[in-house]
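First comes the structure, then the notes that go with it.
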Amino acid sequence: MSDNQSDWEVLPDASPLQDAVSLPCGLRVPNRLVKAAMYESLANFGGGPPNSQHFKLYARWGNGGWGMLISGNVQVDPLHLSLGRDLVVPEILSPETIAPYVQLRQAMTAGTSDTRARPLTILQLNHTGRQCPRIMGGRGIFGGAPSAASSVPVRSRDKRDGLVSQLAFWFMFPTPKTLSIQDIDAVIERFVRGARLAHEAGFDGIQLHASHGYLISGFLSPKTNLRTDRYGFPKELTIIESILNRIRATVPQPFAIGIKVNAADYVSGSITEEQALDHIREMASWRMLDFIEISGGDYERPDFAAAASPRQAFFAKFSRLALKTIPQGDGMPVIMLTGSLRTKAVMTRTIRDGHAHLIGIGRPAVICPSYAKALLEPPSAKTAEDDHFPVEFPDPPSPFWLKILNIGLIGTGLNTAWHCALMWRMGNDYWNGLTIGSRKGGWSSPVPQIGGIQALLELWRPWPSFNHALIIVIFFALFAVILFK
Ligand SMILES: Cc1cc2nc3c(=O)[nH]c(=O)nc-3n(C[C@H](O)[C@H](O)[C@H](O)COP(=O)(O)O)c2cc1C
C-alpha cells in the first residue's frame with residue numbers, strides 16, 4: 001500500500017468496502033467501515049453515565065452509514081479516568097444505572113430502519129492504569145498514585161522533548177503502585193461488569209482497550225511489566241485470557257468481543273514486532289475474540305494521534321502480517337486497521353491487498369459523521385471524479401506556543417481537545433458536522449474555528465461549577481509554577 005494518499009487511481013465500481021463481514025460469534029458487520037473509539041469528553045467532570053449530549057452525537061454517527069460503531073473508552077474504575085469527563089461503568093448494575101447506556105445504544109441505531117444495514121454497537125472498556133493523570137484522573141488532588149502492572153512511571157521518551165517536557169510528565173503522572181494479585185482479580189471483575197453492562201444495555205459487544213499504554217497494554221510490554229508472578233513475562237497475556245474467559249462464561253452468545261492492541265512500539269526495551277505478532281497468534285488461538293484492532297503508541301510516544309506518516313504505515317504493514325499470521329475462518333478473529341486512513345482509494349487498497357478486514361476511522365468521523373455513507377455510495381458517472389474523495393480534513397490548530405513548548409504529549413492533548421470540542425458542538429446542536437456536498441470533495445459548511453487554548457479549556461469546560469473552575473485554576477497554576485520556576 002502506498003503512503004501517498006493523493007495518488008488517486010481508478011477503481012472498479014463494486015467497492016469491497018460495501019462487503020459484509022461475519023464475526024466468529026455469529027454477528028455480521030454490514031460493511032467494512034468502523035467508527036473507531038474516541039473519548040468524547042461529554043460526561044460530568046469526575047466521570048459518569050452518558051447524557052443527552054452523547055445521545056445526539058451518537059445519533060449522528062448512527063445515521064452515518066458505519067458498519068460498526070465503537071464508543072469512546074468507558075472506564076471500568078471510577079478512580080482511573082483519562083481526562084476527567086469519562087464515561088464510567090456503574091459500581092452497581094441496576095435498571096436505573098443501566099438505563100442511560102440503553103439510551104446510548106438506541107441512539108446508535110435509531111437512524112437505521114433496515115436491520116441488515118444496522119451498525120454493530122460496541123462499548124469500549126478501559127482502565128487507564130499508569131496513564132491516569134493527577135487531578136482529573138478521578139482521585140482528586142490528593143488522591144495518591146494510580147495502579148499499574150508495575151511501578152514504572154510515565155515519562156517522556158521522545159529525544160526531542162527537553163527538560164520542560166520531563167517536568168510536565170513528572171507533574172501529570174505520579175509513579176504508579178503495583179497491583180497485587182487480589183487487585184488484579186478485582187480489575188478483571190470490573191471488566192466483566194463492563195461487559196455485563198454492555199450486554200444488558202443491548203450492545204452487540206465490547207472492545208477491550210489493550211493499546212496506547214493503558215493498564216492492559218502495560219501488561220503486554222516488557223517496558224512496563226516487570227512482574228515475576230503469574231501475570232509477568234512470559235505469561236503477560238494471562239490478564240487478557242482471564243478477562244475473556246470470565247466474560248465468555250458470564251455473557252451469553254452472540255456477543256462480539258474485540259481487542260485493540262499496539263503494533264510493535266519500535267522503542268528500545270518495549271514490545272517488538274515478533275512479540276506483538278506472537279500475542280496476536282496466541283490470542284486468536286483461544287477462539288474467544290471476534291476482532292483485533294491494530295493501532296500503536298502510548299502517552300510517551302503518541303503515534304496513534306499522529307498525522308499520516310511513515311510510522312503510521314508501520315501499522316498497515318503490521319496488520320498485514322497479523323492477518324497472514326492467523327488462519328482464516330474457523331472461529332478466528334478478523335483484523336481491523338486504524339490510523340490515518342483517509343481516502344476511499346487507500347481504504348479499498350487496504351482491503352484488497354489483504355492488510356485488514358475492517359477499516360477503523362477516527363478523526364474524520366468527527367469532522368464528517370456520515371463519512372462512511374459518502375464512501376459507500378456507488379460511483380456514478382457524475383461522481384466518478386469524487387469517488388476517491390480527495391478530501392482535505394482540516395487539522396487542529398498548531399499554535400506558536402506549542403512549538404516553543406515542544407511537548408509531544410501536549411500536541412496530542414491539543415489534537416484530542418480540538419476533536420472533543422467539535423464533538424461537544426455536535427452534542428449540543430451548535431454544529432451538525434460536515435457533509436460532503438459538492439464535486440471534488442467540497443464541504444457543505446465550514447468547520448468551526450477553535451483555537452488551541454480554547455480547545456484545551458473546552459475539553460474540561462469548568463464554568464458550570466465553581467468547584468470545577470477551582471480545580472482547573474489550581475491545575476494550571478501548578479503547571480505554570482513547574483514550567484517557569
Ligand atoms: C479525540 C480522540 C479521542 C480518542 N479516544 C480514544 C479512545 O477512547 N479509545 C481508543 O482506543 N482510541 C482513542 N483514540 C484513538 C483513535 O481511536 C484512533 O486510533 C486514532 O485517532 C487514529 O485513527 P485516525 O487517524 O483515523 O484518527 C482517540 C482519538 C481521538 C482523536
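In each ligand, atom 1 is the first atom listed, and ligand 1 is the first ligand listed.
- Distances below 4.0 Å separate heavy atoms of S340 from the following atoms of ligand 1: 24 (P), 25 (O), 26 (O).
- Of the listed options V366, L208, N73, T412, N73 places a heavy atom closest to atom 8 (O) of ligand 1.
- Distances between N or O atoms of G362 and those of ligand 1 include at least one value under 3.5 Å.
- A donor-acceptor pair shorter than 3.5 Å can be found between the side chains of N432 and R60.
- Residue S211 has no N or O atom closer than 3.5 Å to an N or O atom of ligand 1.
- Between T338 and ligand 1, a contact under 3.5 Å exists for no N or O pair.
- Near H212, meaning under 4.0 Å from any of its heavy atoms, are these atoms of ligand 1: 12 (N), 15 (C).
- The shortest distance between side-chain heavy atoms of N262 and F318 does not fall below 4.5 Å.
- If you number the atoms of ligand 1 from 1 as listed, the ones under 4.0 Å from a heavy atom of H419 come out as 1 (C).
- Of all the heavy atoms of M38, the ones lying under 4.0 Å from any atom of ligand 1 are found in both the backbone and the side chain.
- Residue T416 has no nitrogen or oxygen atom sitting less than 3.5 Å from a nitrogen or oxygen atom of ligand 1, judged on distance alone.
- Each of the atoms 21 (O), 22 (C), 24 (P), 25 (O), 26 (O), 27 (O), 31 (C) of ligand 1 lies under 4.0 Å from some heavy atom of R363.
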* side-chain contact (heavy atoms from CB on, under 4.5 Å) assessment of E200 paired with Y101 -> CA-CA 9 Å; E200 287 174 33; Y101 286 90; over 6 Å; no
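- Inclusion of N415 in the set of residues having an N or O under 3.5 Å from an N or O of ligand 1 is not warranted.
- With no hydrogens or angles considered, no side-chain donor-acceptor pair links Q131 and H212 at under 3.5 Å.
- The ligand atoms of ligand 1 that sit less than 4.0 angstrom from a heavy atom of G339 are 22 (C), 23 (O), 25 (O).
- Distance check: N225 CG to S150 OG gives 5.0 Å after rounding to the nearest 0.5 Å.
- Ring geometry, W61 versus Y58: the interplanar angle exceeds 60°, so the pair is classed perpendicular (tilted spans 30 to 60°).
- Of the options Y430, W460, Y39, a ring-ring contact (aromatic ring centres under 6.0 Å, His included) to W424 is made by Y430 and by none of the others.
- Contacts of R342 with ligand 1, taken as heavy-atom pairs under 4.0 Å, involve the side chain alone.
- Inclusion of E293 in the set of residues having an N or O under 3.5 Å from an N or O of ligand 1 is not warranted.
- The distance criterion of under 3.5 Å between nitrogen or oxygen atoms is met by A37 with respect to ligand 1.
- Between P119 and M68 there is no side-chain heavy-atom pair separated by less than 4.5 Å.
- The salt bridge (charged side-chain N to carboxylate O under 4.0 Å, His left out) pairs that include a residue from residues 74-83 number zero, where partners must be two or more places apart or lie in different chains.
- For the residue pair N126 / Q124, no side-chain donor-acceptor distance below 3.5 Å is found, with atom types taken as modelled.
- Counting the atoms of ligand 1 from 1 in the order shown, those under 4.0 Å from a heavy atom of Y39 are 3 (C), 4 (C), 5 (N), 6 (C), 7 (C), 8 (O).
- Other residues, nucleotides and ligands contribute over 12 non-hydrogen atoms within 6.0 Å of the CD atom of E91.
- Looking at heavy atoms from C-beta onward, C420 lies out of side-chain contact with E40 at the 4.5 angstrom threshold.
- Those atoms of ligand 1 with a heavy atom of A36 less than 4.0 angstrom away are 17 (O).
- The shell of residues lying under 4.0 angstrom from ligand 1, judged by heavy atoms, excludes Q207.
- Within ligand 1, counting atoms from 1 as listed, the ones closer than 4.0 Å to a heavy atom of Q124 are 7 (C), 8 (O), 9 (N), 10 (C), 11 (O).
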